[in-house]
Amino acid sequence: MSGQPMGFLPFGVFSVIIGIWSMNDTYILQSLTNRPELIKILCYLCMMIIAYPPVSFVASAAKRRDSRMLTALLVLVALNFITTVTLSGLGMVDPHYMLIFSHINIIIAMGMTIYLMIQAARNKTVEKQFLRTILIGMSAALFGVSIDLLRFWLAKNSEYGSSPFTRVGVLIFIIAEGSYLLKEKNRLLIEQGNAELMKKLAYTDALTGLSNRTAYYEKGEELRKAEQSSTIVLLDINWLKTVNDEYGHAEGDRHIAAAAKIISESLSELGICYRIGSDEFAAILDTDDAAKVEQALSNLERAAESYNSAENPPVSLQIAYGYAMYFPKNMSVEIAENMADKRMYEMKRIMKAIRK
């Protein structure tokens, strides 16, 4: 979801902080650690930093990450944190009495959140569905926090703990935002899948499944920029026109598909194979080792012979080829292609002469 305008990290941090702080009322942490003083310190720390994440989340959603309010709030939170930790560590003050500064920051954060939501609604910087979700979730959280702050200062002791309304409000907030984010992620995954499918279709030959001419040209551009030695192989199916004219295009397609499979199985371990025309193929191999290339092409010849023996096509499958090593310091890609093309046509001429 990194491409989206919403800050999911602040959303998660806020939820975790609220969860830790609220667990103080359940005595779960005390029973697990048997150190209630550590749990109190943890809750004080949560209260000191809890003001910033929700404002950061709303600012991100409202596309106001550059707002000076965020910087100002971060400074206030940092000052409160440093002051409380320093004075408490020196034994000059009980951190409980410093809670008022954390509460002030929370109240300021609530005001900023309301302001950002109003600005987002007024400027229409957020789509309606997401804005509605933010309004529902944040309103519930703000209401719960407000009630608990009043209870903390007006009713010092409560049998219901210090944060029952906050827990409910934040739960509504998490459910509202979480359900939206899940739907949004699902939509983005579908869009990403469609985009990848369209890209694959744009660069893939439908009949053979090999990369197409467009992909071949782009790979050539990459070779020019990377200046990496490689081998360019050009291949051509003999007698394809004869197959199409005498036995139909369906048989011709089977001829092409069989050739593509043989080429791919023989050469794809060394590089990428392409169909660049009706009966024309190419491969760009990531090696300049002639022995490896010769071995792969020998495998191709044997595979074609095996196919003819096993399938007995009406016209024997013959694949002519030629290759040339590409050394960027000594030649251009075009020169290597021309060399491979000449060698391929020479082999094609010899194969046709033998057949006659």
Side-chain angles (χ1 to χ4, degrees), residues 2-3 185-241 243-244 247-288 292-293 296-297 299-304 306-308 310-311 313 315 317-324 326 332-334 336-338 340-341 344-345 348:
S2 58
K185 182 168 185 177
N186 185 57
R187 182 185 68 80
L188 290 173
L189 287 174
I190 293 174
E191 288 184 359
Q192 182 182 0
N194 291 337
E196 290 176 354
L197 176 61
M198 294 302 293
K199 183 177 180 181
K200 183 177 180 181
L201 291 175
Y203 290 92
T204 304
D205 176 64
L207 175 62
T208 64
L210 298 181
S211 299
N212 61 14
R213 178 187 289 268
T214 302
Y216 176 70
Y217 287 150
E218 288 199 3
K219 182 64 175 179
E221 290 299 320
E222 290 178 15
L223 283 182
R224 292 181 183 91
K225 295 176 182 178
E227 296 187 350
Q228 177 183 354
S229 298
S230 57
T231 301
I232 296 177
V233 186
L234 297 180
L235 309 98
D236 193 278
I237 303 175
N238 292 339
W239 315 110
L240 181 62
K241 187 175 185 304
V243 175
N244 284 327
Y247 300 98
H249 285 278
E251 185 62 37
D253 287 347
R254 281 192 286 272
H255 218 60
I256 293 169
K261 183 179 179 182
I262 289 170
I263 291 169
S264 177
E265 290 178 349
S266 303
L267 303 179
S268 59
E269 287 188 4
L270 298 179
I272 304 175
C273 301
Y274 307 84
R275 184 188 178 198
I276 58 176
S278 176
D279 56 358
E280 299 171 350
F281 295 82
I284 297 179
L285 310 182
D286 301 325
T287 180
D288 57 5
K292 288 184 178 180
V293 176
L297 292 171
N299 294 340
L300 182 147
E301 291 181 1
R302 286 195 294 271
S306 298
Y307 171 79
N308 290 326
E311 300 296 332
V315 176
L317 177 62
Q318 287 187 345
I319 304 173
Y321 59 80
Y323 71 89
Y326 166 62
S332 66
V333 173
E334 288 76 17
E337 285 178 328
N338 289 335
D341 193 53
M344 183 267 290
Y345 273 104
K348 192 177 185 73

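All of these numbers come straight from a predicted model, not from anything done at the bench. Computed from heavy atoms alone, side chains included, the values below leave out hydrogens, waters and symmetry copies.
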* Point-to-point distance, once rounded to the nearest 0.5 Å, from NE2 of His249 to OG of Ser278 -> 9.0 Å
* **Over 12 non-hydrogen atoms of neighbours within 6.0 angstrom of CD in Glu227** => no
* Asked: Distance-only, no hydrogens or angles: does the Asn212 side chain make a donor-acceptor pair with backbone N or O of Ala202 under 3.5 Å?
  -> yes
* Asked: At what distance, to the nearest 0.5 angstrom, does NZ of Lys348 lie from CG of Asp236?
  -> 3.5 Å
* Structure fact -> Heavy-atom nearest pair, Leu210 first then Ser264, reads CD2-CB, 3.9 Å
* Any donor and acceptor pair, going by atom type alone, linking the side chain of Ser230 with main-chain N or O of Tyr326 inside 3.5 Å? -> no
* Ionic contact status for Arg187 with Glu191, cut-off 4.0 Å -> yes
* Gly220 to Ile284 - nearest heavy-atom pair and separation -> N-CD1, 4.5 Å
* To do: Any ring pair (Phe, Tyr, Trp, His ring centres under 6.0 Å) involving residues 260-288? Give me the pairs, sequence neighbours left out, ordered by first then second residue.
  => Tyr216-Tyr274
* Working to the nearest 0.5 Å, report the span between NE2 of His255 and CD of Gln318. => 8.0 Å
* Applying side chain to side chain contact (heavy atoms under 4.5 Å, CB included) between Ile237 and each of Val315, Leu317, Ile263, report the one that passes. => Leu317
* **Set of residues satisfying side chain to side chain donor-acceptor pair (under 3.5 Å) with respect to Glu280, sequence neighbours excluded** => none
* To do: Say whether, by atom type as modelled, one donor and one acceptor occur between the side chain of Arg275 and the main chain of Gly277 under 3.5 angstrom.
  => yes
* Asked: Is there any ring pair (Phe, Tyr, Trp, His ring centres under 6.0 Å) pair reaching into residues 193-213, and which pairs are they, with sequence neighbours excluded?
  -> none
* Asked: Less than 4.0 Å between a side-chain N and a carboxylate O, is that true for Arg224 and Glu221?
  -> yes
* How close do Ala320 and Asn238 get, heavy atom to heavy atom, and via which atoms? -> CB-OD1, 4.1 Å
* **Residues which pass side chain to side chain donor-acceptor pair (under 3.5 Å) with Glu301, listed by chain and number, not counting sequence neighbours** => Tyr321
* To do: Using side chain to side chain donor-acceptor pair (under 3.5 Å) as the criterion, list what pairs up with Tyr217, not counting sequence neighbours.
  => Arg213
* **Residue pair Leu300 / Ser266: nearest heavy atoms and the distance that separates them** => CA-OG, 3.3 Å
* Minimum heavy-atom distance Ile262-Ala303, with the two atoms named -> CG2-CB, 3.6 Å
* **Which residues share a side chain to side chain donor-acceptor pair (under 3.5 Å) with Tyr307, sequence neighbours left out** => none
* What distance separates Leu297 CG from Lys292 NZ, expressed to the nearest 0.5 Å? -> 14.0 Å
* Asked: How far apart are the C-alpha atoms of Arg254 and Glu251, what are their side-chain angles, what is the distance that settles it, and do they pass the salt bridge (Lys or Arg N to Asp or Glu O under 4.0 Å) test?
  -> CA-CA 5 Å; Arg254 281 192 286 272; Glu251 185 62 37; 2.8 Å; yes
* If every non-hydrogen atom of Leu267 is compared with every non-hydrogen atom of Cys273, which pair is closest and at what distance? -> CB-SG, 3.8 Å
* To do: To the nearest 0.5 angstrom, please state how far the CG atom of Leu235 sits from the CG atom of Asp279.
  => 11.0 Å
* **More than 12 heavy atoms from other groups under 6.0 Å of CD on Glu269** => no
